[in-house]
Amino acid sequence: KNWLKQARCFSVVFSVAMEPVTAKMTMMGEPILEGLPICVPKILMPREGIDLAKWACVACDQYESEPAYWEEMNKHVGKSPSALRIIFPEVYLASVTGADPSEDDERIKEIGKVMSEYAAGDVFASRPPAFMAIDRKTGHVASRKGLIMAVDLDQYNYDCPIPT
């Protein structure tokens with residue numbers, strides 16, 4: 001819960017500081033930074049009362065060869081809101097399982113349905129647009145800092161000597 005409080009505090013400070021910088025907005029009401037392919041996103045975080053032990057899950061490219069891990073996670077989560085319901089673990093890809101590719105399409109449709117339900121329901125806390133600073137420990141470093149933000153990939157240039 002401490003990280004959620006820190007994220008809220010950072011979000012409020014940053015969103016107040018950002019107001020005079022931009023007049024353009026995305027259709028979701030997110031400020032677009034003038035002259036940059038960046039907008040200040042509305043980061044969806046679970047509201048208070050959501051069980052974070054069931055909400056959080058590892059990246060979808062982890063445990064690709066361990067379907068039992070994902071089955072156990074599914075049991076653990078049960079019917080609780082969870083990020084597990086809005087990702088596509090690679091272990092289930094048709095290219096991994098040998099299933100018909102239409103199964104991928106069905107899973108993607110279900111993910112979209114759950115995303116819509118979560119967004120329309122009371123799963124997420126109401127937050128202003130903000131960047132989110134993160135600091136986490138890994139097995140290799142005591143502190144790994146990052147910044148969550150939104151980049152307009154249509155404006156980003158991957159093929160130049162100096163990336164934009």
Practice prompt. Before giving the answer on side-chain contact (heavy atoms from CB on, under 4.5 Å), spell out for W55 and L84 the whole-Å C-alpha distance, their side-chain angles and the decisive distance to 0.1 Å.
Written response: CA-CA 7 Å; W55 176 262; L84 181 62; over 6 Å; no
Worksheet item: Is the shortest distance from a Lys or Arg side-chain nitrogen in K109 or E106 to a carboxylate oxygen in the other one below 4.0 Å?
Response: yes
Worksheet item: How far does CD1 of I87 sit from SG of C57, to the nearest 0.5 angstrom?
Response: 3.5 Å
Worksheet, complete the sentence: What one should report as the nearest heavy-atom pair of E30 and P41 is OE2-CA, 3.5 Å
Practice prompt. Quick one: pull up CG in D104 and CG in D100 and give me the separation to the nearest 0.5 Å.
Written response: 9.0 Å
Worksheet item: Do E34 and K24 have side chains that get closer than 4.5 Å, going by heavy atoms?
Response: yes
Worksheet entry | Distance (rounded to the nearest 0.5 Å) between S102 OG and R107 CZ | 12.5 Å
Item to complete: Would you name the heavy atoms of M115 and I86 that are closest together and state the gap between them?
Response: CG-CG2, 3.5 Å
Worksheet, complete the sentence: Note: K42 and P129 closest approach over all heavy atoms is CG-CG, 3.8 Å
Discussion item. Count I, L, V, M, F, W, Y as connected when their side-chain heavy atoms are under 4.5 Å apart, and connections chain through other members. Are V141 and L147 then in the same cluster?
Written reply: no
Discussion item. Using a strict threshold of under 4.0 Å (side-chain N to carboxylate O), is an ion pair present between D135 and R144?
Written reply: no
Worksheet item: side-chain contact (heavy atoms from CB on, under 4.5 Å) between E117 and R85: does it pass, once the steps are laid out?
Response: CA-CA 11 Å; E117 289 170 3; R85 305 286 178 239; over 6 Å; no
Response to the item:
For M149 and V151 the tightest heavy-atom approach is CE-CG2, 3.9 Å
Item to complete: For the pair W70 (side chain) and Y63 (backbone), establish whether a donor and an acceptor sit closer than 3.5 Å, ignoring hydrogens and angles.
Response: yes
Worksheet item: When rounded to the nearest 0.5 angstrom, what distance separates CD in Q62 from CD in E64?
Response: 10.0 Å
Worksheet item: Okay, side chain of Y118, backbone of S82: is any donor-acceptor separation there less than 3.5 Å?
Response: yes
Worksheet item: If only atom types and distance count, is the side chain of H76 paired as donor or acceptor with the main-chain N or O of E71 below 3.5 Å?
Response: no
Worksheet item: Given side chains that start at C-beta, do those of F131 and I38 come closer than 4.5 Å, heavy atoms only?
Response: yes
Fill in: Within-4.5 Å side-chain heavy-atom neighbours: V91 and S65
no
Worksheet item: Say you draw a straight line from CZ of R47 to CG of D122; how long is it, rounded to the nearest 0.5 Å?
Response: 4.5 Å
Discussion item. Main chain of C60, side chain of E90: is a donor-acceptor contact present, judged purely on distance under 3.5 Å?
Written reply: no
Item to complete: Can you measure from CD1 (I50) to CE (M45) and round to the nearest 0.5 angstrom?
Response: 12.0 Å
Discussion item. Between I148 and I43, is there a side-chain heavy-atom distance shorter than 4.5 Å?
Written reply: yes
Item to complete: Give the minimum heavy-atom separation between A94 and A99, together with the two atoms involved.
Response: CB-O, 3.3 Å
